[in-house]
Amino acid sequence: MVSPVDAPCDETRVREILGTVADPEIPALSVVELGLVRAVRWTGEFFEIDITPTYSGCPAVAMIEEEIAAAMSAAGVPAVVRRVLAPAWTTDWLSAEARRKLTGAGIAPPGRVIPGWERDPVACPHCGSSETELVSAFGSTACKALHRCRGCGSPFDHFKPL
């Protein structure tokens with residue numbers, strides 16, 4: 001009979017390690033703050049870490065998986081990363097800290113999505129004005145749109161609400 005091996009650490013430590021892995025497209029945020037980490041389980045041999053990408057075609061997902069595996073390996077914690085697509089990621093999974101950090105990085109955080117209603121106005125992350133306009137549906141990455149502030153004149157990315 002094979003007995004399960006004791007876990008080298010607990011889930012809290014695993015989440016601390018994951019908190020050091022930055023999103024490659026938004027380095028101000030960790031994969032935990034983005035809400036990509038859906039579950040952490042000890043299997044008896046390794047931690048199984050479920051992540052859900054911001055969208056299924058996100059080009060950064062493979063890199064994120066590699067960065068997580070490298071961080072866990074560097075910490076001496078055996079782990080396997082699993083990509084989980086359901087339920088689909090939503091901007092509601094962004095932590096309050098992530099929203100604050102987005103603004104600090106000059107990226108307008110996503111607003112609420114209310115089906116059938118207009119979206120919240122996009123506030124400029126530089127001056128706070130809501131007198132902004134959409135310049136392009138795509139910003140520096142596919143998950144962001146490019147806006148311009150009529151108040152301070154600055155262009156900025158807006159993390160699209162999903």
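FYI, side chains are in, hydrogens and waters are out, and symmetry mates aren't considered; it's all heavy atoms of this structure. Start at 1 with the first residue, then count along the sequence.
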Query - From Ser73 atom OG to Ile17 atom CD1, the distance as rounded to the nearest 0.5 Å - result: 10.5 Å

**Report entry** Leu134-Leu102 co-clustered via ILVMFWY side chain contacts under 4.5 Å
**Finding:** no

Query raised in the report: Can you check whether Glu16's main-chain N or O pairs, donor with acceptor, with Thr20's side chain at less than 3.5 Å?
Result: no

Query raised in the report: If two hydrophobic side chains count as joined below 4.5 Å and joins carry through other members, does Phe46 share a cluster with Leu18?
Result: no

Report task. Drop me the distance from Trp42's CH2 to Asp6's CG, to the nearest 0.5 angstrom. Result -> 8.5 Å

Requested in this report: Take Thr91 and Phe159 through the side chain to side chain contact (heavy atoms under 4.5 Å, CB included) test and state the conclusion after the steps.
Outcome: CA-CA 9 Å; Thr91 48; Phe159 200 111; 3.8 Å; yes

Query raised in the report: How would you list all residue pairs meeting salt bridge (charged side-chain N to carboxylate O under 4.0 Å, His left out) that involve residues 59-76, not counting sequence neighbours?
Result: Glu65-Arg83

Requested in this report: Please report the closest heavy-atom contact between Ser30 and Gly19, naming both atoms and the distance.
Outcome: CB-O, 3.2 Å

Requested in this report: Can you sort out the partners of Arg41 under salt bridge (charged side-chain N to carboxylate O under 4.0 Å, His left out), two or more places apart, ordered by chain and number?
Outcome: Glu48, Asp50

Query raised in the report: Under 4.5 Å between side-chain heavy atoms, hopping through other hydrophobics if needed: is there a path connecting Trp93 to Val37?
Result: yes

Report task. If a pair satisfies salt bridge (charged side-chain N to carboxylate O under 4.0 Å, His left out) and one of its residues is in residues 26-35, list it, with sequence neighbours excluded. Result -> Glu33-Lys101

Query raised in the report: Within 45° of the axis and under 6.0 Å from the centre of the six-membered ring of Trp89, does NZ or CZ of Arg38 qualify?
Result: no

Report summary line: All heavy atoms of Val61 vs all of Pro53, minimum pair found to be CG2-CB, 3.2 Å

Query raised in the report: Can you find a heavy atom in the side chain of Thr103 that is under 4.5 Å from one in the side chain of Pro109?
Result: yes

Report task. Show your reasoning for whether side chain to side chain contact (heavy atoms under 4.5 Å, CB included) applies to Ile51 and Val31. Result -> CA-CA 9 Å; Ile51 65 166; Val31 295; over 6 Å; no

Requested in this report: To the nearest 0.5 Å, tell me how far Lys160 NZ sits from His158 NE2.
Outcome: 10.0 Å

Query raised in the report: Got a second to check how far Ile107's CD1 is from Thr141's OG1, nearest 0.5 Å?
Result: 7.5 Å

Query - Crowding at CZ, Arg148 (>12 non-hydrogen neighbours, <6.0 Å) - result: no

Query - Under 3.5 Å: donor-acceptor pair, side chain of Ser95, backbone of Ala98 - result: yes

Query raised in the report: Checking side chain to side chain contact (heavy atoms under 4.5 Å, CB included) for the pair Glu97/Leu29: CA distance, chi angles, key distance, verdict?
Result: CA-CA 9 Å; Glu97 181 66 10; Leu29 302 181; over 6 Å; no

Requested in this report: Check for a donor-acceptor pair, side chain of Thr52 on one end and backbone N or O of Val84 on the other, with a separation under 3.5 Å.
Outcome: yes

Query - Side-chain touch Cys143/Cys58, heavy atoms, less than 4.5 angstrom - result: no

Query raised in the report: Shared ILVMFWY cluster between Val40 and Ile68, side chains joined below 4.5 angstrom?
Result: yes

Report task. Please assess Ser154 against Cys127 for the test side chain to side chain contact (heavy atoms under 4.5 Å, CB included), listing each intermediate value before the final yes or no. Result -> CA-CA 9 Å; Ser154 298; Cys127 71; over 6 Å; no

Query raised in the report: Is Leu162 reachable from Leu34 through a run of I, L, V, M, F, W or Y residues, each pair having side-chain heavy atoms under 4.5 Å apart?
Result: yes

Requested in this report: Mind telling me whether His126 and Phe156 have parallel, tilted or perpendicular rings, with 30° and 60° as the class edges?
Outcome: perpendicular

Requested in this report: Over all heavy atoms of both residues, which pair between Lys144 and Ser140 is shortest? Give the atoms and the distance, please.
Outcome: NZ-OG, 3.1 Å

Query raised in the report: Which pair of heavy atoms, one from Leu94 and one from Arg99, lies closest together, and at what distance?
Result: O-NE, 3.9 Å

Report task. Find out whether Pro155 and Val135 are in side-chain contact, i.e. whether some heavy atom of one side chain is under 4.5 Å from a heavy atom of the other. Result -> no

Requested in this report: Mind listing the closest non-hydrogen atom pair of Cys124 and Cys152 along with its distance?
Outcome: SG-SG, 3.8 Å

Query raised in the report: Which pair of non-hydrogen atoms, one from Phe47 and one from Pro8, has the smallest distance, and what is that distance?
Result: CE1-CD, 4.1 Å

